[in-house]
2 protein chains.
Amino acid sequence: MTGSTGDTRSRIQQVALELFTEQGYEKTSLREIAERLGVTKAALYYHFKSKDDIVDSFVADRINRLDQLIDWAARQPTDAASRRATLRRYAEEFFGNEGQSVMRFFEQNQTVVKQLSSGQMMRDRLLRVADVLAGPDPTPGDQLRATMAIFAVHGSLFALRQPEISLEQRQQLALELAFELLDRVGAPEPGRPTG
Amino acid sequence: MTGSTGDTRSRIQQVALELFTEQGYEKTSLREIAERLGVTKAALYYHFKSKDDIVDSFVADRINRLDQLIDWAARQPTDAASRRATLRRYAEEFFGNEGQSVMRFFEQNQTVVKQLSSGQMMRDRLLRVADVLAGPDPTPGDQLRATMAIFAVHGSLFALRQPEISLEQRQQLALELAFELLDRVGAPEPGRPTG
DNA sequence: GTCTATACTTAGATAGAC
DNA sequence: GTCTATCTAAGTATAGAC
């Protein structure tokens with residue numbers, strides 16, 4: 001059954017995502033991916049324009065889902081409850097199904113993310129979520145606060161080093177901390193005009 | 001004066017750190033570094049064993065300084081004031097002089113950091129600072145809290161996107177948020193035994 | 001002690017045969 | 001849809017000029 005055709009493209013995506021996440025994008029050669037699938041490098045080039053293009057292919061869907069989230073969030077009122085709801089949705093995207101594997105790839109490949117077009121887009125979406133969370137006309141303190149709330153979700157994967165902590169627990173802990181940060185967005189800060 | 005000897009090694013370090021940070025470690029070729037200095041690739045190999053070795057050379061000093069910080073922090077009492085003092089020292093290392101340029105390199109090169117030996121060491125030190133901040137026998141919530149406090153320092157560089165915000169302001173804002181997180185380490189949490 | 005010339009290996013990528 | 005062959009550029013290594 002190894003020679004079954006048609007799914008080669010998705011098998012490439014699957015193996016590539018796995019290797020890119022485990023050992024890094026740059027450290028993973030196309031030869032390695034090809035060998036794992038029992039084909040040659042050139043075969044990969046039939047299915048994808050370039051190495052970058054493999055990444056783009058499994059990132060596009062994530063971008064779309066984040067765009068939907070941003071649109072939805074931007075239409076909510078700018079209160080604490082809405083910020084919580086937005087972050088909760090973000091966490092669900094992050095921890096859910098295939099979402100998590102792609103997000104982990106980005107977590108593991110921050111450098112590459114800066115160079116790749118899909119990485120730029122992903123980074124842009126992250127900052128936009130932060131912008132929505134920070135609300136209109138935010139103080140720098142609010143900006144930092146909103147961004148760190150998002151990063152609490154990401155950080156729950158590597159900051160909690162006991163492997164026995166489940167993904168559900170990580171998500172729960174991340175949200176608790178993120179809510180604590182978000183609930184004080186717009187609150188008086190040192191150096192902020194009180195009026 | 002281009003041929004002035006002796007400082008070639010440090011000029012390599014300087015140019016390499018600059019290019020690695022700007023465009024990423026993998027995207028920067030040795031040829032590019034060599035050309036910028038008006039020498040050949042082989043000349044680099046006289047001064048450094050490998051590309052990795054260039055990174056190691058300017059990271060070693062940072063590791064030492066972080067080790068000193070960790071030793072000092074571990075000898076402090078485990079109260080909120082000491083945690084603040086530890087994080088303040090961390091921020092000073094992060095924002096200070098050459099400290100910042102190397103830290104920025106790591107910020108920009110998270111993937112590489114996982115593969116390089118010096119990167120592993122640096123990552124290890126970060127987590128150790130988080131361990132000290134989280135205190136003895138920490139809850140997962142405390143672990144996440146401590147790690148995010150450190151990341152507030154890092155995040156102040158990219159989360160605050162107005163370039164006119166000075167480094168001093170970033171440091172100040174990062175500390176305010178980090179202190180808010182740290183002051184609640186050890187405090188009662190949902191799901192934590194109160195006794 | 002400092003560097004150049006040269007060459008080796010492997011990477012990503014392309015053209016064309018089957 | 002996949003393979004063979006080949007290209008360019010990367011990191012690496014060494015012999016030897018000065």
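Order of the sequence lines sets the chain letters (A, B, ...), proteins ahead of strands, with each chain counted from 1. Computed from heavy atoms alone, side chains included, the values below leave out hydrogens, waters and symmetry copies.
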Quiz item: Between atom CD in A/Glu35 and atom P in D/dC3, what is the gap in whole Å?
Solution: 12 Å

Practice problem: Send over the distance from B/Leu44 CG to C/dT2 C1', rounded to a whole Å. | Solution: 13 Å

Quiz item: Contact class for B/Thr40 (heavy atom, under 4.0 Å): base, sugar-phosphate, or nothing?
Solution: base

Quiz prompt | Atom-to-atom span, CZ of A/Phe48 to P of D/dG1 - whole angstrom | solution = 12 Å

Quiz prompt | Ion pair check, A/Glu26 and B/Lys27, cut-off under 4.0 Å | solution = no

Exercise. Verify side-chain contact (heavy atoms from CB on, under 4.5 Å) between A/Leu177 and A/Leu173, making sure each step is shown before the conclusion.
Key: CA-CA 6 Å; A/Leu177 191 57; A/Leu173 287 162; over 6 Å; no

Quiz item: Is a side-chain donor-acceptor pair under 3.5 Å present for B/Asp7 with B/Ser10?
Solution: no

Self-check item: Residue closer to the 5' end of DNA chain D, A/Val39 versus B/Asp52 (nearest nucleotide)
Solution: A/Val39

Practice problem: Could you check how far CD1 of A/Ile33 sits from P of C/dA13, rounded to whole Å? | Solution: 11 Å

Quiz item: Expressed in angstrom and rounded to an integer, what is the separation of B/Glu26 atom CD from C/dT10 atom P?
Solution: 18 Å

Quiz item: Can you tell me how far P of D/dT12 sits from NE2 of B/His47, to the nearest Å?
Solution: 16 Å

Exercise. Using five pairs at either end of the helix from C/dG1-D/dC18 to C/dC18-D/dG1, determine the angle between the two local helix axes and round it to 10 degrees.
Key: 10°

Practice problem: Establish, with yes or no, whether the OP1 or OP2 oxygen of D/dA10 is under 4.0 angstrom from a side-chain nitrogen or oxygen of B/Arg31. | Solution: yes

Self-check item: Rounded distance in Å - CG (A/Leu37) to C1' (D/dC3)
Solution: 15 Å

Practice problem: List the steps and the verdict of ring pair (Phe, Tyr, Trp, His ring centres under 6.0 Å) for A/Tyr90 and A/Phe95. | Solution: CA-CA 9 Å; A/Tyr90 183 85; A/Phe95 281 99; 9.6 Å; no

Practice problem: Look at the side chain of B/Lys41 against the base of D/dT12 and say whether a donor-acceptor pair falls under 3.5 Å; ignore hydrogens and angles. | Solution: yes

Practice problem: Taking only the side-chain nitrogens and oxygens of A/Tyr46, find out if one of them lies under 4.0 Å from OP1 or OP2 of D/dT2. | Solution: no

Quiz item: Below 4.5 Å, heavy atoms only, C-beta onward: do A/Thr21 and A/Ser101 meet side chain to side chain?
Solution: no

Quiz prompt | Nearest-nucleotide pick for A/Leu30, side chain only, options being C/dG12, D/dA13, D/dC3 | solution = C/dG12

Quiz item: Under 4.0 Å between a side-chain N or O of A/Tyr45 and OP1 or OP2 of C/dA13?
Solution: yes

Self-check item: Below 4.0 Å: OP1/OP2 of C/dT10 and any side-chain N or O of A/Ser29
Solution: no

Exercise. Could you please name the option among D/dT12, C/dC3, C/dA5 that lies closest to any side-chain atom of B/Lys51?
Key: D/dT12

Self-check item: Any A/Thr8 side-chain N or O less than 4.0 Å from OP1/OP2 of D/dT2
Solution: yes

Quiz item: Going by heavy atoms in the side chains, are A/Lys51 and A/Tyr25 under 4.5 Å from each other?
Solution: yes

Quiz prompt | Nucleotide C/dG12, atom C1' - distance to CG of A/Asp53 in whole Å | solution = 14 Å

Quiz item: Does some side-chain heavy atom of A/Leu87 sit less than 4.5 Å from a side-chain heavy atom of A/Val129?
Solution: no

Self-check item: Over 12 non-hydrogen atoms of neighbours within 6.0 angstrom of CZ in A/Arg104
Solution: no

